[in-house]
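Contents: one structure, followed by commentary.
Note that the coordinates shown come from a computational prediction; the quantities given were computed from them, not determined experimentally. Values reported hereafter were calculated over all heavy atoms of this structure, with side chains retained and with hydrogens, waters and symmetry mates removed. Proteins come first, then strands; the chains are lettered A, B, ... in the order of their sequence lines, and each starts at number 1.
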Protein chains: 4
Amino acid sequence: MTINTKINIMDTALKLFAEKGFSDTSISAIAEEAGIGKGTIYWYFESKKDLFFSIVEQRGQDYFNKVLKLDNDSIESEQIIYKYIKYTIEFIDNNYDVAKMLITNTEIINNEFKKMMELKQQQVISILEKALKRGQKEDKFRGFKSRDIAFMIMNIAKSGHNQFNFSIEGNIDQKTQKIYDFIMYGLIKEERKT
Amino acid sequence: MTINTKINIMDTALKLFAEKGFSDTSISAIAEEAGIGKGTIYWYFESKKDLFFSIVEQRGQDYFNKVLKLDNDSIESEQIIYKYIKYTIEFIDNNYDVAKMLITNTEIINNEFKKMMELKQQQVISILEKALKRGQKEDKFRGFKSRDIAFMIMNIAKSGHNQFNFSIEGNIDQKTQKIYDFIMYGLIKEERKT
Amino acid sequence: MTINTKINIMDTALKLFAEKGFSDTSISAIAEEAGIGKGTIYWYFESKKDLFFSIVEQRGQDYFNKVLKLDNDSIESEQIIYKYIKYTIEFIDNNYDVAKMLITNTEIINNEFKKMMELKQQQVISILEKALKRGQKEDKFRGFKSRDIAFMIMNIAKSGHNQFNFSIEGNIDQKTQKIYDFIMYGLIKEERKT
Amino acid sequence: MTINTKINIMDTALKLFAEKGFSDTSISAIAEEAGIGKGTIYWYFESKKDLFFSIVEQRGQDYFNKVLKLDNDSIESEQIIYKYIKYTIEFIDNNYDVAKMLITNTEIINNEFKKMMELKQQQVISILEKALKRGQKEDKFRGFKSRDIAFMIMNIAKSGHNQFNFSIEGNIDQKTQKIYDFIMYGLIKEERKT
DNA sequence: TATGAATGAGGGTTCATTCAT
DNA sequence: AATGAATGAACCCTCATTCAT
């Protein structure tokens, strides 16, 4: 019946982790929902945590690789920011469950995993920081601490995620455009100060 | 023995919840860390969840009340945004543990509590939205969907929070100023488009 | 307020023991229902079991003493049986709670107490047995093993007690008469065999 | 390990429930006595109460079904009474533990269960009542309130049960005969009144 | 590959009892 | 006499994990 039991397990687990959180999702529940035996999960994964990590890895790898490719001086700095936002929105849209799972379960996961996640985040921040610095050198962007801004951009990009039953409206491109526009020009209508 | 056992329990629990998450913090651990008997916790709190909620309520009430007072047309719209950011940064700075606890444990808490949190968030969004609309009418702000922007401001304000071992640099006022400036003017240096 | 705290405690405890059983009645619940502090109970009683025993002793003593007085050869044997039934019905009627408590909690009480209860029951059986033997000698009663009959009388006398929402109908005297009549003459209408 | 773990659990639990009562028998004690892990019990039973109910159901069903079959107008009314007594004695003899468990733990069990038990008892009373009324119509039995007598018969039939280290002497048939004889003819030797 | 019975550590919670006040 | 905060043993139950099949 199951062409690929492993995928079946991961999909089911992802759904339940996102719905109820890591701690409140039992191996039994995953097995039952997936229509397999409890023991089978342990044939494919070493532990519950291993299952969680595997899901994140599988789903997040694509996104992360795309972002890593933005670390390229031949891409215009605005484009890097635009694409970073787009990739992030896209990832959240296509992997709503993983995103939710990551956002809501970060802390309950072990330190090794947290360190890995931190490392990746630091890499992303560095890529954005580098692009921002370049943009400043090229006199495109205003003067500021680029690392701070990189951090703010990271946070604002998550606005594509539905929190508290609310999210920015629109499809991926519209959301991206809105966030990008806000980041670039801010709120103020009046003449730009320099 | 302790002058105030209840406060001792809440402080200890808060520390552990923030450190290890709700599910991975046992009542036994809290009792041991607080230097009291397990049963004593149940003298002051009905359940582990009740303890969690009590902490959030106690710590969050001040912040929320301050934000609610911003819902006042006699305050200039920019000031509302500025103060919202400041209060949020302040809250996070002074209640680092609660903030972390809230951010990382939202999903594992029961629905009643989640609904209450959502309600509060919606109120905050509405206050910002109202201020933004007023700012637009007064021709201060650019045209945009104010609810979307309110949502982005909420997300960006959280940048004061140390995630992944990184946060915006500076004291409360400096952080606030940086975020406010970014929100108002964005990245771009060039002449403002209208 | 409380003229006699001890009586207050015993009355309240009796009510709750009868309602919910010994194990499911907590000291806290008794204290709360009695409107006193938990510690106060321990001023009057050594333990929860001591409280239980005290109640039984206090309430059962009268009944038991009355029955003991039936051990008297100058009372006609039928009268002993009649009065035994009457006293038992009376006790159950006036001390419904104790009776229910005793019937439903016998086993959860310690062995010392059980032995004491057994002893008393054996005394009662012996009294009935003696009366029955005397009645046989006097050619009033049919031939049978008097100890067996004594035991059956003991059991049938409990029919005055409301079990499963049903009991024999009537007031104390009517109930007593019905049971006595049944014991004496049985069901059969036809000519008596000898 | 054991050929049938479930039966092992039920037998062990029955033994302990009868010995010490429901509340004073812990799941740990059952597991230890049965030589299995605590968790295993929860593989077969949903809860401690479920375990209790299952035992009662399993053991009591046979008895109850037999009694229900006595609700049959083609059986002579005396025979119904005789057989009811016999089945009851038999059940108590073969299921001493269950009987004791039921008699001593009725009150500590939940209301749903109590209602079910009451219902069954009412059915039994009704069967006896019906037989008694028929016997009266056929002019076999004396005039009385048949429901009261049915209730007394139920109580006296329990005399086969060893209470307070005493019971009627003899094997099943002898006990049955003694009780039946007592019920039919009562104590009195003299000429029968009508 | 796949199962599910079995395990036992650990969870949250209750409650009889103590004792300083 | 009376209190109630504090205790900790013991409770029922869950669940990640193992392993014989």
Side-chain angles (χ1 to χ4, degrees), chain A residues 1-2 5-6 9 22-32 34-51, chain B residues 1-2 4-6 8-9 22-32 34-51, chain C residues 1-2 4-6 9 22-32 34-51, chain D residues 1-2 4-6 8-9 23-32 34-51:
Chain A
M1 191 56 46
T2 327
T5 303
K6 190 171 184 179
I9 292 169
F22 180 81
S23 290
D24 285 354
T25 300
S26 69
I27 289 287
S28 299
I30 296 169
E32 196 174 343
I36 58 166
K38 238 188 309 187
T40 309
I41 293 175
Y42 285 87
W43 202 91
Y44 291 100
F45 303 94
E46 285 187 358
S47 69
K48 193 183 169 188
K49 283 184 178 173
D50 178 41
L51 170 57
Chain B
M1 209 51 51
T2 320
N4 197 322
T5 305
K6 190 171 184 179
N8 180 21
I9 292 169
F22 180 82
S23 289
D24 283 357
T25 300
S26 70
I27 288 287
S28 300
I30 296 170
E32 198 173 341
I36 57 165
K38 239 192 307 186
T40 308
I41 293 174
Y42 287 88
W43 180 261
Y44 293 99
F45 303 94
E46 286 187 357
S47 67
K48 192 184 172 188
K49 283 185 178 172
D50 178 40
L51 170 56
Chain C
M1 192 55 46
T2 328
N4 196 322
T5 304
K6 190 170 183 179
I9 293 169
F22 180 81
S23 290
D24 284 355
T25 300
S26 69
I27 290 288
S28 299
I30 296 169
E32 196 175 344
I36 57 166
K38 238 190 307 187
T40 308
I41 293 174
Y42 285 86
W43 201 91
Y44 292 99
F45 302 94
E46 284 186 358
S47 68
K48 192 183 169 188
K49 284 184 178 172
D50 178 40
L51 169 57
Chain D
M1 207 54 47
T2 321
N4 197 321
T5 305
K6 190 171 183 178
N8 180 22
I9 292 170
S23 290
D24 283 358
T25 300
S26 69
I27 289 288
S28 300
I30 296 169
E32 197 173 341
I36 57 166
K38 239 191 309 186
T40 308
I41 293 174
Y42 288 89
W43 179 260
Y44 292 99
F45 303 95
E46 286 188 357
S47 67
K48 193 185 170 187
K49 283 184 178 173
D50 178 41
L51 170 55

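Summarising the geometry, atom OG1 belonging to B:Thr25 is positioned 6.0 Å from atom CD1 belonging to B:Ile30; distances are rounded to the nearest 0.5 Å. Between the CG atom of B:Asp50 and the CD1 atom of B:Ile41 there is a distance of 12.0 Å, given to the nearest 0.5 Å.
Look at E:dT13: its Watson-Crick or wobble partner, with both distances under 3.5 angstrom, is F:dA10. The partner of F:dA16 is E:dT7, judged by Watson-Crick or G-U wobble contacts that both fall below 3.5 Å. Across all strands shown, E:dT21 pairs with F:dA2; the Watson-Crick or G-U wobble distances both stay below 3.5 Å.
Nearest approach of A:Lys38 to A:Ser28, heavy atoms of both residues: CD-OG, 3.4 Å. In terms of heavy-atom proximity, C:Ser23 sits nearest to D:Asp24 at OG-OD1, 4.4 Å.
Distance, D:Ile41 CD1 to E:dA6 C1': 12 Å, rounded to whole Å. With rounding to whole Å, D:Glu32 atom CD is found 11 Å from F:dC11 atom P.
Looking at heavy-atom distances under 4.0 Å, C:Tyr44 makes contact with sugar-phosphate atoms alone, never a base.
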* Annotated protein contacts, base or backbone, on nucleotides 13-21 of chain F with a non-hydrogen cut-off under 4.0 Å, one of B, S, - each -> BB-SBB---
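Side chain of B:Asn8 to main chain of B:Ala34: a donor-acceptor pair is present (N/O by atom type, distance under 3.5 Å, no hydrogens or angles).
Using a 4.0 Å cut-off, some side-chain N or O of C:Thr5 falls inside it from OP1 or OP2 of F:dA2.
For the pair D:Lys6 and D:Phe45, the distance from NZ or CZ to the six-membered ring centre is under 6.0 Å and the angle to the ring normal is within 45 degrees.
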